[in-house]
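Following: one structure in structure tokens, then a few remarks.
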There are 2 protein chains.
Amino acid sequence: MKNISQEDYISIIYKHRDGGGVIKSNTIAERMNISNAAVTDMVRKLSRDGLINYTRYKGVSLTGSGETKAINLIRRHRILESFLYKIVKMPWEKVHEEVENLEHGASDDLVNRLEVMLEYPEYDPHGDPIPDKKGKMPKARSAVRLDLLPTEKSAIVVRVNDYDHEFLRYVASVGITMSSEVKVKSQLNFDKSIVLTVDGNDINMSQKMASNIFVQEKKNRIK
Amino acid sequence: MKNISQEDYISIIYKHRDGGGVIKSNTIAERMNISNAAVTDMVRKLSRDGLINYTRYKGVSLTGSGETKAINLIRRHRILESFLYKIVKMPWEKVHEEVENLEHGASDDLVNRLEVMLEYPEYDPHGDPIPDKKGKMPKARSAVRLDLLPTEKSAIVVRVNDYDHEFLRYVASVGITMSSEVKVKSQLNFDKSIVLTVDGNDINMSQKMASNIFVQEKKNRIK
DNA sequence: GATATAATTTAAGCACACTTAAATTTATAA
DNA sequence: TTATAAATTTAAGTGTGCTTAAATTATATC
Ligand SMILES: [Mn+2]
Ligand SMILES: [Mn+2]
Ligand SMILES: [Mn+2]
Ligand SMILES: [Mn+2]
């Protein structure tokens, strides 16, 4: 009747699988904050239910029906986030956490109605693409990891990983959000951390944090 | 972490307890469509957790903290219903079923925001009172069960029990909704069913069905 | 007040989703 | 190639929330 846990696993697998579509047991456990033994257990059930391919000691990958299910949950998630942000006006850094609990209970019918109200949005409040009713994703916008942005180049924030609530809250607290203009002033060799300018303020940020923020370089007009 | 089942039990107890605040095990089982044994099991857990008073073979009743929890869930439920109906424009007969799955995942913060958007509604789409942030219920409107309405008196529908999805769908399909004007033309002694007029159409309705619809008599102006 | 019927609990068992600790397999490095 | 370390699975156990069947307690009827 309710497969909340299965949905969470499937979507974690979708989001964190590597280029070959494979994810390690370990990664799932880390991302879900549970033991490896628990993952082994669930992975067998998901395999039994035809949602993933699994052979012992190898990683797992989604089957066709598993991927369909994953994309459907991601669609629900991102449309709900967009709705809470755009229409309910919930703060940017709060919508992900709220939707994490809401997504499993929303019907396709509701999600479709919200999509219409939002006039078929292509990206969610974190810049992630929203799959359409058929599961088709809009093309991901080209972007550069903030920790790889050359110094002294102005750039616009176009996507932020919504993997961690604490990270989102911190990012928002230093004034970074979608479409913020940022410029890397320097990169410290000591710990790879960077100093960047946002809204005229200088802030220091760890390499790990910066690697979860994606920007588009601003083409500076030559005058 | 997630006490979805407990929430459902508590709210069923709140809604179906008798005048003395007591509900029988049987009633819970019926309303939830589960076995009596399952109820006994859960009732012990709820008692252990201090949410209900329970002694074997007697019915159960809510404790203070149980009632607080119940009212909080009912508030979430009714505000979400109002929101889906008034703002998302979801059909009247669908909102209850949708919210049944949504209510457990909505935070108080979200519900409070929706309440503001709705400008502090007092009644939900089925005419049920919405508790405020402190748990205070607006006064229930006086109303008469439709099966007890005298014949030939015009009346306005002010509340419909939302206990059963099928019932709601049927009620909507015959054209009855909030503020509908209805008039009982006759009551059949054979099976206590009634014939009533809605929107100029005559329909027959069982006594059981009519007893779940509540109306306010229209004061007919004497001219 | 004994007895039949109805309501409720107990007993035994199952699937799910987790845990810790021990065993096993795979990867890496001497 | 073999020892060692890391990843993964297995084993054993727990709490939740359900099931059916049997036993018990309460209630209604004669
Ligand atoms: Mn998110
Ligand atoms: Mn997002
Ligand atoms: Mn309802
Ligand atoms: Mn309602």
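Convention: sequence-line order gives letters A, B, ...; per-chain numbering from 1. Computed from a predicted model, the values in this text were never measured in an experiment.
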Is it possible for you to check whether A:Arg17 lies under 6.0 Å from the centre of the six-membered ring of A:Tyr14, through NZ or CZ, and within 45° of that ring's axis? yes

Between C1' on C:dC18 and CG on A:Asp8, what's the gap in Å once rounded to a whole number? 14 Å

Classify the nucleic acid contact of B:Ser5 as base, sugar-phosphate or nothing, counting any heavy atom under 4.0 Å across all strands shown. sugar-phosphate

Please determine if B:Arg141 forms a cation-pi arrangement with B:Tyr123, meaning its NZ or CZ atom is less than 6.0 Å from the six-membered ring centre and no more than 45° off the ring axis. yes

When rounded to whole Å, the CD1 to P distance for the pair B:Ile34 and D:dT20 reads 12 Å

One should read off an interatomic distance between B:Ile34 CD1 and B:Asp8 CG, to the nearest 0.5 angstrom, of 9.5 Å

Rounded distance (Å) that lies between atom P of C:dC18 and atom CD1 of A:Ile4: 11 Å

Most 5' of B:Asp49 and A:Arg44 on DNA chain D, judged by nearest nucleotide: A:Arg44

Reading DNA chain D from 5' onward, which residue's closest nucleotide shows up sooner: A:Gly59 or B:Asp41? A:Gly59

A:Met42 CE to D:dT10 C1', straight-line distance once rounded to whole Å: 18 Å

Does B:Ser35 have a side-chain nitrogen or oxygen under 4.0 Å from the phosphate oxygens OP1 or OP2 of D:dT19? yes

So, for B:Arg76 and B:Glu103, which heavy atoms are closest and what is the spacing to 0.1 Å? NH1-O, 3.2 Å

Could you point out which residue of B:Arg78, B:Glu81, B:His96, B:Arg159 forms a side-chain hydrogen bond (donor to acceptor under 3.5 Å, both in side chains) with B:His126? B:Glu81

Would you say A:Tyr9 and A:Ile28 make side-chain contact, with heavy atoms under 4.5 Å? yes

Does B:Tyr9 place a side-chain N or O at less than 4.0 Å from the phosphate oxygens OP1/OP2 of D:dT16? no

Taking 4.0 Å as the cut-off, does a side-chain nitrogen or oxygen of B:Tyr54 come that near to OP1 or OP2 on C:dT8? no

Just how far, in rounded Å, is P of C:dT24 from OH of A:Tyr57? 9 Å

Hey, which sits more toward the 5' end of DNA chain C by its nearest nucleotide, B:Asn36 or A:Arg56? B:Asn36

Nearest whole Å is fine: how far is C:dA17 P from A:Asn3 CG? 8 Å

Please give me every residue in residues 15-32 of chain B whose heavy atoms get under 4.0 Å of an atom in DNA chain D, ordered by residue number. none

Would you indicate whether the side-chain heavy atoms of B:Ile10 and B:Leu73 approach each other to under 4.5 Å? no

Does D:dT16 have its OP1 or OP2 closer than 4.0 Å to a side-chain nitrogen or oxygen of B:Arg48? yes

